[in-house]
There are 2 protein chains.
Amino acid sequence: MARDLQERIKKLIIDQRLPSGSPLPTEPELMERLGVSRNSVREALKALQAMGIVEIRHGFGTYVGPMSMAPMIEGLTFRTVAGHYRGEDSLLQLLELREAVETGLIARLAGSIPAADLADLDALVDRMDAEAAGPDGAVRAETDRAFHAALYRCLGNRLLGEVLEAFWDAFHRVRTDLVDVPQDPKVTCRQHREILDAVRSSDVLRAERAIREHFGNIRVRLSAPASTTVPHPSYDR
Amino acid sequence: MARDLQERIKKLIIDQRLPSGSPLPTEPELMERLGVSRNSVREALKALQAMGIVEIRHGFGTYVGPMSMAPMIEGLTFRTVAGHYRGEDSLLQLLELREAVETGLIARLAGSIPAADLADLDALVDRMDAEAAGPDGAVRAETDRAFHAALYRCLGNRLLGEVLEAFWDAFHRVRTDLVDVPQDPKVTCRQHREILDAVRSSDVLRAERAIREHFGNIRVRLSAPASTTVPHPSYDR
DNA sequence: AAGAGTCAGCTGCTCTAACCAACTGAGCTA
DNA sequence: TAGCTCAGTTGGTTAGAGCAGCTGACTCTT
């Protein structure tokens, strides 16, 4: 029945064509309209919130959610962390997934990427260089994220961008928490530059090779020090 | 605080290294251990259930979930349906996502796929032929799904398989419910056969082309009859 | 008259207490 | 021994009360 309740609320959103951000009926209203107690309404809304379908703001109201992939990040992160602790190569599997998607996309990109995006990517690689040469001696994670996001922006596929972002996010969170991956910032910079140059010169094969090399690099750094797993960092996220 | 509760339960699972299927404390136990009311415990569990982290069985107990991508299917399906109704090309975006992943994977497959899997794939394409020539004159969806699943099985990446399955599932559900896509079963069979043969002969480029052609075919059938959108099939799933 | 502070009213959040429904397993009956 | 019954456990649902965050109108001060 609780399952059914969620479906009825979803149906409400679909049938009324409510866009993201639209206000949903209040809890008392839903109680009456659906003929269930307040508690059941709340449990259904909580589940929908966990799926990103609904957004609840205390003292304000309930709204149609942004339909983002954020809940997927949560689930994926947890799954990867749990698998990692059980000795599975879940982090590597996540990396392979990212590699598959980006490899499959880069071909469509080479040659058709707008000049404006190329300029943004140039600026990002420059920033990477600066950060690598800076006081920390490492490329900031956010810069790497921005590069990969900017790369596929021109495809005009919102879902694609969000899924890639979700994968990146889950991967990064787990890597940061659990594994001490040695980084060579210069190599990182060089590889991103190579990807960018390949895409700029419309060289599909070179672009694919560059992407594979980039991920292959991460993969090696990931598998090699299998013993650097943090034993018990008291997972809290 | 509700957010915090979920995290504490997740932490419980992680810290105790509980594998999928392990029993979790009962609701009264969680009440006591976490110092909150039963209601709050239940709402947190509901949310975790929606994320696939926890599995609740009435009259039996609560267990660590299978960590499958099932909740992602729900979310993705809803998101795609909602987007479709709002006039977005969400179904096309989903298809592009599938195409990107499979295109990126096929290269790693060509040449390294075991003979046993090739045999399975042969049998599946044969079944497609039989179904196309059968009374329905159409390839069963389940057969198509099985083909794509069997294709990537040998990569030994559980996450990959599940994500692909999730994408396939969401796509198929939305397509079935919302859009009347004309099918030519013979073309479908031929394209799957081509993919299989290309992979068998270790011809990477041919395999990539075959995959792209397969998806390109679906894409065309999807974009062309933009007017066949079912106006209001009273979404219920 | 204009601004800031206050309060009433919405909203969602949490708790308590009770009963319903599904499942298990021990004990009883045939 | 085989099957049934019933008590105990677990999650599912309802009800009612009070708490907490936000909004907007009202009032008091300047």
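Numbers restart at 1 for each chain; the letters A, B, ... are given by sequence-line order, proteins then strands. All values below come from the heavy atoms of this structure, side chains included, with hydrogens, waters and symmetry mates left out.
- If you check dT10(D), dT14(C), dG12(C) against the side chain of Thr26(B), the one that comes closest is dT10(D).
- Arg3(A) places its CZ atom 18 Å from the P atom of dG11(D), with the value rounded to the nearest Å.
- Ring planes of His148(B) and His214(B): parallel class, angle under 30° (limits at 30 and 60°).
- Within 6.0 Å of atom CD in Glu142(A), more than 12 heavy atoms from other residues, nucleotides or ligands are found, so the atom counts as buried in its surroundings.
- dA17(D) atom P lies 16 Å from atom CG of Asn39(B), rounded to whole Å.
- Residue-to-nucleotide proximity on DNA chain D shows that, of Gly59(A) and Gly35(A), the 5′-proximal contact is made by Gly35(A).
- Computed from coordinates, the Glu32(B) CD to dT10(D) P distance equals 13 Å when rounded to whole Å.
- As rounded to whole Å, 12 Å separates atom P of dG12(C) from atom CD of Gln49(A).
- Lys46(B) has its NZ atom 18 Å from the C1' atom of dC13(C), to the nearest Å.
- For Glu99(B) and Arg108(A), the salt-bridge test fails: no basic side-chain N is under 4.0 Å from an acidic carboxylate O.
- Looking at the side chain of Glu27(A), the nearest of the listed nucleotides dT10(D), dG12(C), dG12(D) is dG12(C).
- For the pair Glu43(B) CD and dG12(C) C1', the interatomic distance rounds to 10 Å; values are reported in whole Å.
- In this structure, the side chain of Arg8(B) engages the main chain of Leu34(B) through a donor-acceptor pair within 3.5 Å.
- Between Thr62(A) and dT11(C) there is no side-chain polar atom (N or O) within less than 4.0 angstrom of OP1 or OP2.
- Nearest nucleotide to the side chain of Ala2(A), out of dT14(C), dT13(D), dG12(D): dT13(D).
- Cation-pi check for Arg98(B) over Phe167(B) is not met; the charged atom does not lie both under 6.0 angstrom from the ring centroid and within 45 degrees of its normal.
- Nucleotide dA20(D) holds its C1' atom 16 Å from the CZ atom of Phe60(A), rounded to whole Å.
- Between the side chain of Arg38(B) and the base of dG12(D) there is at least one donor-acceptor pair of N/O atoms closer than 3.5 Å.
- Between Ser40(A) and dG12(D), a side-chain N or O to OP1/OP2 separation shorter than 4.0 Å is absent.
- Counting non-hydrogen atoms under 4.0 angstrom, Arg42(A) reaches a base of the nucleic acid.
- Of the candidates dC15(C), dT14(D), dA22(C), dC15(C) carries the atom nearest the Val36(B) side chain, counting heavy atoms from C-beta on.
- Distance from the side chain of Ser37(A) is smallest to dT14(D) among dC13(C), dC15(C), dT14(D).
- Taking atom CG of Leu45(B) as the reference point, atom C1' of dT14(C) lies 16 Å away to the nearest angstrom.
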